[in-house]
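A note on names: the letters A, B, ... follow the listed sequences, proteins ahead of strands, and every chain is numbered from 1.
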Amino acid sequence: MTDSPVVTRFAPSPTGYLHVGGARTALFSWLLARHHGGRFLLRIEDTDLARSTEQATTQLLEDLRWLGLDHDNAKVIHQSRRLDVYNRIIDELMSRGMAYRAYETPEQLDALRAEAERKKQSFTYRKGALPEAEQRRLDSEGCPHVVRFAMPVREYRFDDAVLGKSIVMPADEAQDFVIRKTDGMPTYHFAVVVDDAEMEISHILRGQEHTKNTFYHVALQEALGYARPVYGHLPIILNVDGSKMGKRDRDKKVRHGAHLWLKQGKHTPSDLAAASGLESDRVAAWLDDVQRQLDLPEQAAVMGVIGMSEGDLPEVLVHDFQKNGYLPEVLLNFLALLGWSPGEDRERMSVEEMVRLFSIDGIGKSNARFGRDKLLAFNTEAVAAADAQRLLRGFRDYLAVNPDSPLNQASDSQLSQLLEMKKGFRLFREVDESARFLFIPDDRIAWSAEAIDKVLRKSGGQGLAALRQMRHTLAALGEWTVPNIESAIQSYCESSGLGLGKVAQPLRVAISGGTISPPIFQSLAFLTQASALTRIDRCLRVAAPVSL
RNA sequence: GGCCCCGUCGUCUAGAGGCCUAGGACACGGCCCUUUCAAGGCCGCGACACGGGUUCGACUCCCGUCGGGGUCACCA
């Protein structure tokens with residue numbers, strides 16, 4: 001047992017929203033630190049100038065905040081602001097002859113790689129390709145160059161805490177990798193090693209795609225005299241079908257929906273562009289090329305036009321889960337289970353329990369598929385067990401990222417009332433969507449043709465007849481309360497010999513426009529009597545224009 | 001393709017040689033409840049990738065085959 005403090009970190013590159021893979025890596029690192037009473041630090045790896053954005057950083061922080069994965073460094077570290085540190089160390093390495101300038105252009109390197117491939121050899125870059133004199137000449141001319149680390153050619157190995165074994169790289173795979181790019185920025189390999197050492201990181205949990213990089217990092221650590229942290233490489237999270245998970249899946253789904261919309265409505269790509277307020281060329285190119293992706297606002301615009309909603313898309317970003325109405329602690333619980341188990345049959349855990357039970361030993365070695373069914377079930381349970389305050393807070397978090405919902409006008413007590421009415425719901429989105437009709441003006445209710453047909457006109461207009469009767473009964477009601485409404489409707493059912501379903505459904509359609517709503521008595525009571533009657537009258541006009 | 005990692009129900013997993021006629025969860029199927037959507041109750045279906053070893057004994061150890069994934073950047 002060592003008593004040196006456990007310090008972990010999450011070090012995302014700000015190139016987009018946080019996705020579930022990243023969230024799980026963050027979670028495991030966070031759990032490890034919290035379990036040992038250590039520290040969890042956050043660092044932004046923004047050394048790729050072209051791809052990093054300020055907005056992504058903001059969103060990343062917001063996603064982590066929503067998840068509740070708090071970091072212990074008040075000041076988040078940005079690598080792009082530490083160039084002087086990296087350059088100082090790189091200069092030092094060069095003066096020690098452990099790093100050198102290299103002048104090949106990307107094209108030249110491509111050619112070398114292609115040649116190696118043709119000879120069925122693997123390409124490894126090693127110093128010495130250039131005669132000493134030539135190297136000096138180029139150095140003195142100040143041509144564009146990268147700096148490479150002269151990686152000592154020998155076997156490297158490290159112990160992987162997740163796999164529970166040591167991983168070896170043979171000497172012939174050692175190569176002089178780039179540590180400073182032509183633009184003067186350090187590469188990931190270099191910045192990561194320097195920063196992890198300076199931040200005194202003790203444990204690094206990261207995705208399996210980094211396994212091979214670890215040998216480079218170990219070599220650098222040895223050259224710089226840094227301590228080696230414990231490494232653990234996490235298995236990958238895949239789609240349900242076994243393919244690699246990515247944001248692309250959502251784009252794919254939207255494109256598919258767009259093509260359907262074009263075909264069914266006999267629209268052209270420029271119609272779509274015009275309707276969604278985008279450039280026609282861009283939309284057309286996107287439709288034809290599966291490699292292209294729309295950015296988020298564009299995606300939303302297109303979805304609006306073709307009638308797709310957030311719930312139709314597979315969630316891959318943490319933000320998507322918030323937007324669809326999951327509780328963050330549920331996402332965390334589910335993500336933790338994807339690749340980690342506390343043993344025995346333990347599954348539903350609060351964040352505190354996960355902290356208590358977490359250990360690297362419990363992390364699995366095989367890739368996991370991300371199935372949303374179980375997550376949904378977890379959320380349903382959690383939401384049923386949560387107290388009113390938690391639900392209200394969760395609902396507000398949901399509404400904050402769904403600014404278009406009319407429920408944003410609702411008061412806290414109204415929201416709590418809806419949550420109570422919809423007991424048994426799975427996602428906040430369901431509560432929202434099924435209750436929106438309660439918050440829009442009477443003259444904005446749009447009746448679904450299908451609902452009117454099925455519930456009101458079918459069976460010789462039985463539904464319409466019931467609705468007309470109920471209109472009178474409800475109009476005659478004194479006090480507009482749930483018990484009064486209920487007893488009025490119940491007694492009508494008895495006297496008419498109709499089942500409650502035959503009466504409730506027409507009413508539901510009349511006041512909501514569709515066939516899904518919170519329980520009917522409470523929905524009616526939520527509206528005013530006048531409003532309910534207005535809606536019924538309008539519905540009757542819409543459904544039976546001839547007979548009126 | 002080279003190198004590396006992995007392989008238990010459809011999915012996530014428990015399992016560290018006899019506790020296993022392989023446990024749990026979700027999904028699925030059936031029945032019940034029900035004013036819609038949900039929720040709930042009861043019952044059920046369902047896996048150790050394959051082939052060789054080692055052992056008195058293998059889901060557990062070894063080898064091979066097959067399958068999946070990762071990686072081969074001046075991206076992280």
Side-chain angles (χ1 to χ4, degrees), chain A residues 11-15 45-48 50-52 79 102 104-106 109-110 113 116-117 120-124 144-148 160 162-163 165 167-170 172-173 175 177-183 185 187-189 191-192 206-213 233 235-236 238 240 242-244 334 337-348 364-378 380-381 383-384 422-427 430-431 433-434 451 455 486 489-490 493 499-505 507-509 512 514-521 523:
Chain A
S13 61
T15 55
E45 309 222 317
D46 52 356
T47 52
D48 184 344
R51 294 203 306 155
S52 301
Q79 292 187 325
E104 290 85 357
T105 63
L109 288 170
D110 283 345
R113 286 194 191 95
E117 192 175 342
K120 298 218 190 278
Q121 291 169 343
S122 57
F123 175 72
T124 48
H145 62 275
V146 299
V147 174
R148 285 178 183 269
D160 189 299
V162 168
L163 294 173
K165 66 201 278 189
I167 312 288
V168 186
M169 182 181 88
D172 64 340
E173 284 181 37
Q175 64 174 325
F177 55 92
V178 175
I179 56 176
R180 186 167 66 201
K181 302 181 263 188
T182 307
D183 65 3
M185 297 297 279
T187 59
Y188 160 75
H189 299 301
V192 129
R206 45 161 48 156
Q208 217 165 59
E209 66 271 21
H210 288 295
T211 308
K212 219 150 217 163
N213 295 336
H233 293 94
I236 308 287
L238 305 166
V240 203
S243 63
K244 197 179 175 181
F334 179 74
L337 255 20
L338 231 48
W340 172 70
S341 165
E344 296 174 349
D345 295 333
R346 202 67 185 268
E347 285 209 322
R348 324 289 147 119
K365 304 171 180 40
S366 47
N367 295 342
R369 296 176 186 215
F370 188 87
R372 291 168 187 77
D373 289 342
K374 190 164 176 169
L375 171 63
L376 225 201
F378 271 35
T380 308
E381 273 177 45
V383 118
K422 281 295 286 181
K423 235 180 189 154
F425 71 92
R426 301 162 79 81
L427 300 171
E430 291 172 12
V431 181
E433 288 180 351
S434 73
V455 178
E486 175 164 6
I489 294 178
Q490 292 287 11
C493 287
L500 185 50
K502 294 270 186 258
V503 180
Q505 271 313 78
L507 277 170
R508 194 185 312 281
V509 171
S512 77
T515 54
I516 299 174
S517 85
I520 192 65
F521 310 133
S523 295

Please name the nucleotide paired to [N] by Watson-Crick or G-U wobble geometry with both distances under 3.5 Å, or report none.
N     : answer
B:G67 : B:C6
B:C72 : B:G1
B:U35 : none
B:U21 : none
B:C28 : B:G44

Tell me what [X] touches on the nucleic acid: a base, only sugar-phosphate, or nothing, going by heavy atoms under 4.0 Å.
X      : answer
A:E117 : nothing
A:K423 : base
A:H189 : base
A:G339 : sugar-phosphate

What is the distance, rounded to the nearest whole Å, between atom [atom1] of [X] and atom [atom2] of [N]?
X      : N     : atom1 : atom2 : result
A:F334 : B:U11 : CZ    : P     : 13 Å
A:W340 : B:A14 : CH2   : P     : 11 Å
A:M169 : B:C4  : CE    : P     : 12 Å

Using 0.5 Å steps for rounding, measure from the [atom1] atom of [X] to the [atom2] atom of [Y].
X      : Y      : atom1 : atom2 : answer
A:N367 : A:L238 : CG    : CG    : 5.0 Å
A:F521 : A:E486 : CZ    : CD    : 4.5 Å
A:T380 : A:E430 : OG1   : CD    : 7.0 Å
A:Q505 : A:T515 : CD    : OG1   : 6.5 Å
A:D110 : A:E117 : CG    : CD    : 11.0 Å
A:K374 : A:L338 : NZ    : CG    : 9.5 Å

Heteroatom pairs (N/O) under 3.5 angstrom, protein to nucleotides 34-37 of chain B:
unit_1: B:U35; atom_1: O2'; unit_2: A:R508; atom_2: NH2; d: 3.3
unit_1: B:U35; atom_1: O2; unit_2: A:R508; atom_2: NH2; d: 2.7
unit_1: B:U36; atom_1: O4'; unit_2: A:Q505; atom_2: OE1; d: 3.0
unit_1: B:U36; atom_1: O2'; unit_2: A:T515; atom_2: O; d: 2.7
unit_1: B:U36; atom_1: N1; unit_2: A:R508; atom_2: NH2; d: 3.3
unit_1: B:U36; atom_1: O2; unit_2: A:S517; atom_2: N; d: 2.9
unit_1: B:U36; atom_1: O2; unit_2: A:S517; atom_2: O; d: 3.0
unit_1: B:U36; atom_1: N3; unit_2: A:R508; atom_2: NH1; d: 3.3
unit_1: B:U36; atom_1: N3; unit_2: A:S517; atom_2: O; d: 2.6
unit_1: B:U36; atom_1: O4; unit_2: A:P519; atom_2: N; d: 3.3
unit_1: B:C37; atom_1: O2; unit_2: A:K422; atom_2: NZ; d: 2.6

Residues forming a salt bridge (Lys or Arg N to Asp or Glu O under 4.0 Å) with A:E381, sequence neighbours excluded: A:R348
For RNA chain B, whose closest nucleotide is more 5', that of A:Q79 or that of A:S366?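 Final value for this comparison: A:S366.
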When the [atom1] atoms of [M] and [N] are compared, how many Å lie between them, rounded to an integer?
N     : M     : atom1 : value
B:A47 : B:U60 : C1'   : 15 Å
B:C56 : B:G64 : P     : 24 Å
B:U55 : B:G18 : C1'   : 12 Å
B:C19 : B:A38 : P     : 43 Å
B:G70 : B:C32 : C1'   : 49 Å
B:U36 : B:G30 : C1'   : 23 Å
B:C43 : B:C5  : P     : 46 Å
B:G68 : B:C33 : C1'   : 44 Å

Spell out, as yes or no, whether a donor-acceptor pair under 3.5 Å connects the side chain of A:S523 to the backbone of A:P518.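 Present.
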Main-chain N/O of A:H233 paired with A:D160 side-chain donor or acceptor, under 3.5 Å: yes
Nucleotides 59-75 of chain B: protein proximity per nucleotide (B base, S sugar-phosphate only, - neither; heavy atom, under 4.0 Å): ----------SBS-SBB
Treating primed atoms plus P, OP1 and OP2 as sugar-phosphate and everything else as base, which nucleotides of nucleotides 21-31 of chain B get B, S or - for protein heavy atoms under 4.0 Å? --BBBSS----
Sub-3.5 Å pairs of nitrogen or oxygen atoms, protein against nucleotides 16-20 of chain B:
none

Given A:R508 and A:S517, is the side-chain hydrogen bond (donor to acceptor under 3.5 Å, both in side chains) satisfied, shown in steps? CA-CA 7 Å; A:R508 194 185 312 281; A:S517 85; 2.7 Å; yes
Scanning both residues in full, the closest heavy-atom pair of A:D46 with A:M185 reads O-CE, 4.0 Å
Assess whether side-chain contact (heavy atoms from CB on, under 4.5 Å) is satisfied between A:Q490 and A:L500, documenting all intermediate values. CA-CA 7 Å; A:Q490 292 287 11; A:L500 185 50; 4.0 Å; yes
Tabulated below should be each protein N or O lying under 3.5 Å from an N or O of nucleotides 43-46 of chain B; please produce it.
none

